[in-house]
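Whatever order the structure lists them in is the order used to number ligands and atoms, beginning at 1.
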Amino acid sequence: MHVLVLGAGQLARMMSLAGAPLNIEISAYDVTSGNIVHPLTQAVIGHGLDNAIEHADVITAEFEHIPHPILEVCEKSGKFLPSTQAIKAGGDRRLEKALLDNAGVRNAKYAVITTREDFTQAIEYVGMPMVLKSALGGYDGKGQWRLKESSQIDEIWQQMAQCIADSDNQAIVAEEFIPFQREVSLVGARGKDGAIAVYPLAENVHTNGVLSLSTAIADPALQEQAQQMFSAVAESLNYVGVLALEFFDLDGQLLVNEIAPRVHNSGHWTQQGAETCQFENHLRAVCGLPLGGTQLVRETAMVNILGEDTLPDAILSMPGCHIHWYGKEKRAGRKMGHINVCGGYSGELQRRLCALAAVLDAEAFPAIHEFAKKYAQ
Ligand code: AMP
């Protein structure tokens, strides 16, 4: 099988690594350069999308901000999964909110803003404090504002008006502020036959809007809620592939924050912690193969490596620690790799995370240091 992935980043790279044992070969379309590249080496192996589409058995995507003309060409080939509709919903908060409402899935109260009058009405309808997010192009907390009091309205409007003017079809989604206790996510797969297999929930910690620590958790009541919402969204899209739902946990009630129609950073722990990792399950789903088991095989957490391109070698000799580099050039804040940390028995994972924190720089890895500090108390 040959799978063409739209996007040539770390998610295509990890699909390639997971696909090899099943004889699933991956090539990646670099949307910026227009080249077809090898997902591991980034070597150019072809030019132009049309040829690559012809040679692919299946086409899928590793990110949702894909220019629509590219999506349309892929959709026309009849080989594209999950679907143009799912990718567009993941990349446009207006479509995402409408999708959640139609699927009957709880999410924060919201209003769409394109004019100053809309903003005034949104403040009345949604109330303060509120979170304002650009409908297109914003991710990892970018393109967002927090409105806490009336004195901020003029200044925030100036910035939002600029954002709306700067790109076509842009708008702002105003959302009620959710005073959640924690953020969790559910990653799962739906096969071509409609079979659904979801992983255990992951609890996620963000640093400056970017995921920094993700830990698989066992919480049967939350898991049940999350699974129901996952099925509702996946079925309403007739989804095929891996899909991630991010939630706010508000007093034991989950609200969906956003969806990602692809393999997801909060599912990287599955590489060491689950029977079948998310990358393999995505490929199995889009290739029409049976899904692999999603059960936890050992307690696992994932630590993102942000903006760093070296780590102490000592980590390689620490039990349960597995480093995954993405082969990318160093840039401040960039996702450069991750470390999966596993523990075999109760409390072992936590102790291993503390041991790892002790060899990692506190400024570069604040979330794991915060965890170790709390654990020591
Ligand atoms: P997002 O890009 O939508 O994932 O937002 C980035 C981060 O902002 C989330 O991970 C939350 O920590 C926070 N956030 C987003 N929306 C809300 C909301 N409605 N209420 C409270 N916090 C939010």
Could you tell me, atom by atom, which parts of ligand 1 come under 4.0 Å of a heavy atom of [X]?
X      : value
Phe180 : 12 (O), 21 (C), 22 (N)
Glu183 : 9 (C), 10 (O), 11 (C), 12 (O)
Lys133 : 3 (O), 15 (C), 16 (N)

**Prompt:** Does ligand 1 have any atom sitting under 4.0 Å from a heavy atom of Glu96?
**Reply:**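 No heavy atom of Glu96 comes that close to ligand 1.
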**Item:** Matching residue for Lys133 among Glu175, Glu258, Glu96 - test: salt bridge (Lys or Arg N to Asp or Glu O under 4.0 Å)
**Value:**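 When salt bridge (Lys or Arg N to Asp or Glu O under 4.0 Å) is applied between Lys133 and each of Glu175, Glu258, Glu96, only Glu175 qualifies.
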**Request:** Would you check the N or O atoms of Ile178, main chain and side chain alike, for any that come under 3.5 Å of an N or O of ligand 1?
**Result:**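 Yes; at least one N/O pair falls below 3.5 Å.
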**Message:** Checking contacts here: is it the side chain or the backbone of Arg182 that comes within 4.0 Å of ligand 1, counting heavy atoms only? Could be both or neither.
**Reply:**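 Answer for Arg182: neither.
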**Asked** Between Asp154 and Arg116, is there a side-chain N and carboxylate O pair less than 4.0 Å apart?
**Response**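 Judged by the 4.0 Å cut-off on N to carboxylate O distance, Asp154 and Arg116 do form a salt bridge.
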**Message:** Quick test of your reading of the structure: of Glu176, His206, Lys109, Arg146, whose heavy atom lies closest to atom 8 (O) of ligand 1?
**Reply:**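 It is Arg146 whose heavy atom sits nearest to atom 8 (O) of ligand 1.
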**Prompt:** Which of these, Gln144, Met130, Glu175, has its nearest heavy atom closest to atom 2 (O) of ligand 1?
**Reply:**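 The residue whose heavy atom sits nearest atom 2 (O) of ligand 1 is Gln144.
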Scan the side chains in residues 355-377 for donor-acceptor partners under 3.5 Å anywhere in the protein, sequence neighbours excluded, and list what turns up.
residue	atom	partner	partner atom	Å
Asp361	OD2	Glu363	N	3.4
Asp361	OD2	Ala364	N	3.1
His369	NE2	Ala357	O	3.0
His369	NE2	Leu360	O	2.6

**Request:** Could you tell me the separation between the CD atom of Glu246 and the CD atom of Glu183, rounded to the nearest 0.5 Å?
**Result:**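 Rounded to the nearest 0.5 Å, the CD-CD separation comes out at 7.5 Å.
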**Request:** With Lys109 as the cation and Tyr125 as the aromatic partner, state whether NZ or CZ is under 6.0 Å from the six-membered ring centre and within 45° of the axis.
**Result:**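 Yes; both conditions hold, so Lys109 lies above the ring face of Tyr125.
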**Asked** Where do Leu250 and Pro179 come nearest, in terms of heavy atoms and distance?
**Response**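 Result for this residue pair: CD1-O, 3.3 Å.
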